There are 2 protein chains.
Amino acid sequence: MPEVAASRRVTSADIAKDVGVSRATVGFVLNSTPGKKISEATRARVLESAARLGYQPNRAAADLARGRSKIILLVLPDRLLGPSMQASLDEGARVLAEAGYALVTQPQARPLGGIPPLWETLGPDVVIGWTTFTPEEVMSMRAAGVRRIRPRPGESARYDQAPGVAEGARMQVDHLHELGHRRIAVAALNDPQMIELQRSRADAAMQRAEELGMETVALRSVDHRDGSSAEAVRIWHDDGVTAVVAYNDDVAATVAGAAIEAGLRVPQDLAVIGHDDSPIASLFVPPLSSIRMDTVEAARYLAAVALHEADGRPVTSTWTALDTRVVARRSTLG
Amino acid sequence: MPEVAASRRVTSADIAKDVGVSRATVGFVLNSTPGKKISEATRARVLESAARLGYQPNRAAADLARGRSKIILLVLPDRLLGPSMQASLDEGARVLAEAGYALVTQPQARPLGGIPPLWETLGPDVVIGWTTFTPEEVMSMRAAGVRRIRPRPGESARYDQAPGVAEGARMQVDHLHELGHRRIAVAALNDPQMIELQRSRADAAMQRAEELGMETVALRSVDHRDGSSAEAVRIWHDDGVTAVVAYNDDVAATVAGAAIEAGLRVPQDLAVIGHDDSPIASLFVPPLSSIRMDTVEAARYLAAVALHEADGRPVTSTWTALDTRVVARRSTLG
DNA sequence: GCGCCCTAGTTGCGCGCGCTACCTAGGGGT
DNA sequence: ACCCCTAGGTAGCGCGCGCAACTAGGGCGC
């Protein structure tokens with residue numbers, strides 16, 4: 001049974017005293033230090049004592065002595081892939097926790113309003129990003145003592161190369177093309193926080209449309225709170241647009257909603273496809289076609305990269321193998 | 001201009017050497033230690049040197065010496081209040097960052113699948129919860145060296161007392177009662193991760209209905225992926241239920257969607273009210289009535305509590321003053 | 001008996017910072 | 001001349017742990 005927690009925390013010295021060995025021996029046992037032989041008998045006594053006394057190593061002291069912390073910071077752009085990604089990350093967090101690492105996720109890539117990035121205040125040992133960081137961000141991390149950064153600075157230059165950005169946008173367009181649409185619009189969101197990501201997705205979509213010989217109309221931002229979505233739908237419809245590529249499922253819902261309110265039929269008068277396959281896509285009436293990425297695999301990959309940086313373990317899967325595909329629903333199929 | 005970062009990090013000893021004073025003096029200046037007078041001239045030289053050399057204090061060392069970390073962990077139940085809460089917390093994070101604290105939020109209260117709670121691996125100085133923690137959780141925190149826990153163990157016993165739990169559920173029922181509904185159903189979600197919270201909200205709703213002399217039917221869990229929502233809607237409608245209180249907006253959308261697909265009119269044949277006023281509530285067609293809490297004020301309060309625990313600053317606002325109200329939309333108003 | 005190696009440990013330093021206790025020069029009151 | 005006070009510092013310990021360098025105590029070949 002664990003003893004009543006005294007005012008002072010249990011340190012490794014307490015265990016040493018309790019067992020009757022030196023503090024170093026305790027450390028060797030608890031850390032299973034390679035290259036150190038400790039007899040099975042002693043090892044057992046140390047472990048028993050640690051459990052009985054309720055020993056928890058002092059993070060600050062361990063970090064200081066080791067010269068690095070055990071925090072891994074994961075930076076996701078926007079709320080890319082949203083709730084499903086979060087859930088999938090649990091598995092990665094579990095694996096990392098087993099190795100003694102804490103996984104902290106920062107949902108938005110670029111916090112606004114003068115909030116210092118988490119890596120400055122947390123002191124993570126590793127920062128993993130979905131996309132590449134800007135040179136300023138890298139400098140800030142380095143100054144804050146972050147030793148390992150992934151993707152490596154300059155490894156993959158921009159959002160365009162990150163999985164699920166250009167890929168998903170192209171698939172949206174391909175899907176509409178296959179269904180016979182020849183004149184499409186791209187809908188974005190009025191959010192300064194993710195201009196970059198939106199821009200990249202929109203560019204990829206436009207480019208793909210051009211490759212396929214489709215016509216596109218100018219990018220428009222919609223917001224369900226003002227009249228912009230209703231206006232956009234009216235303009236598009238008058239302009240002969242038959243389908244809309246939306247930045248994400250919220251935008252798709254906004255557009256589809258505005259179309260329905262305007263008396264148009266979705267998808268007969270205006271088809272809509274979203275991105276990320278978030279809950280709203282399947283809950284909306286009609287259900288929204290969307291792009292789904294294999295978040296489980298993505299999370300597994302990110303965890304593997306993190307463990308590689310932290311522990312030196314080999315990375316098994318690869319980024320580019322990520323499965324991305326269209327989830328066709330009634331908002332395009334009718 | 002900041003110098004090129006050498007291999008070794010800049011320590012306060014480097015500054016001391018650079019300025020020509022002792023390390024203690026550097027510490028006094030950088031921490032503005034109360035009760036220590038340092039001449040303005042020396043202070044300026046230290047600060048200049050720190051900036052020039054790009055000094056960043058070593059968190060681990062500071063934490064060790066201080067005996068406490070500068071991490072504040074915020075535990076939110078479920079994804080209560082979802083994205084809006086997250087956004088509102090930014091302000092709190094900024095204030096805390098100014099005081100040198102890192103705010104880490106853990107979205108779900110009780111992680112599943114053997115993931116150790118973040119407080120074990122992160123070593124936060126303060127843990128703030130939206131609701132009270134279980135005795136086991138408190139013990140686990142204590143063992144992990146967490147010194148300050150809010151709400152204080154035993155301060156407010158259960159979910160029922162947390163703001164936005166019973167309150168919101170009662171308002172949902174009140175709203176339906178005012179609109180003339182007399183026989184209602186309560187819809188939950190099939191998610192083991194938040195049984196407690198759902199149970200509390202459902203209980204509060206049922207109890208309120210009874211107080212108002214309304215009839216209720218048994219609680220049902222719905223899931224849009226199987227046929228359970230369609231079945232629930234059919235049963236409810238056959239049973240004379242005219243309105244549904246949903247655990248959250250996703251559940252409300254599920255129910256409303258199933259009703260529409262079944263050819264019922266929302267709200268004429270079946271009214272639905274959600275909770276949290278998440279994006280889907282306003283994007284759905286018809287837009288869903290919901291419960292909105294003042295997340296800005298909530299976040300401000302949580303930040304104030306955190307700062308109080310960390311810094312000893314007084315707490316100005318109060319928990320109970322939180323503004324919770326119905327956002328009436330077409331899913332109940334018609 | 002002697003030198004050698006191997007096992008199972010121990011001693012002790014260093015990590016970088018917070019902070020208490022101490023020191024010193026100069027000034028003013030008596 | 002003496003003492004005391006204060007501003008403006010300095011010396012150095014302690015935090016708990018990781019780990020390198022060292023060592024006591026055998027077994028073993030020659």
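Protein chains get the first letters and strands the later ones, always in sequence-line order, with residue 1 at the start of each. The model shown is predicted, which means the values in this text are computed figures rather than measured ones. Hydrogens, waters and symmetry mates play no part in the numbers below; they use all other heavy atoms, side chains included.
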Go nucleotide by nucleotide along DNA chain D from the 5' end; which of A/Leu64 and B/Thr42 gets its closest nucleotide reached first?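 The answer here is B/Thr42.
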Whole angstrom value for the distance that separates [atom2] of [N] from [atom1] of [X]:
X       : N      : atom1 : atom2 : result
A/Leu30 : D/dG16 : CG    : P     : 16 Å
B/Asn31 : C/dT20 : CG    : P     : 12 Å
A/Glu40 : C/dT7  : CD    : C1'   : 14 Å
B/Gln56 : C/dC17 : CD    : C1'   : 15 Å
B/Arg43 : D/dG9  : CZ    : P     : 10 Å
A/Arg59 : D/dC17 : CZ    : P     : 12 Å
B/Lys37 : D/dT10 : NZ    : C1'   : 19 Å
A/Arg23 : C/dG14 : CZ    : P     : 15 Å

Base, sugar-phosphate, or nothing: which does [X] touch, judged by heavy atoms less than 4.0 Å apart?
X       : result
A/Ser12 : sugar-phosphate
B/Ala24 : base
B/Asp63 : nothing
A/Thr33 : nothing
A/Thr25 : base

Test for a donor-acceptor pair under 3.5 Å between the base of [N] and the side chain of [X], counting only N and O atoms.
X       : N      : answer
B/Arg68 : C/dG18 : no
B/Lys36 : D/dG9  : yes
A/Arg66 : D/dG16 : no

Look at [X] together with [Y] and state whether they make a salt bridge at an N to O cut-off of under 4.0 Å.
X        : Y        : result
A/Arg148 : A/Asp125 : yes
A/Glu309 : A/Arg150 : yes
A/Asp14  : A/Arg8   : yes
B/Arg45  : B/Glu48  : no

Check the phosphate of D/dC17 against A/Asn58, side-chain N and O only, distance under 4.0 Å to OP1 or OP2. Yes or no?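 No.
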Does B/Ser39 put a side-chain nitrogen or oxygen below 4.0 Å from OP1 or OP2 of D/dG8?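 No, B/Ser39 has no side-chain N/O under 4.0 Å of OP1/OP2 on D/dG8.
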In terms of side-chain heavy atoms of A/Phe28, which of D/dC19, D/dC17, C/dT11 is nearest?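 Closest nucleotide to the A/Phe28 side chain: D/dC19.
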Where the side chain of B/Asp294 meets the backbone of B/Val296, is there a donor-acceptor pair that is under 3.5 Å apart?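 Yes, B/Asp294 side chain to B/Val296 backbone: donor-acceptor pair under 3.5 Å.
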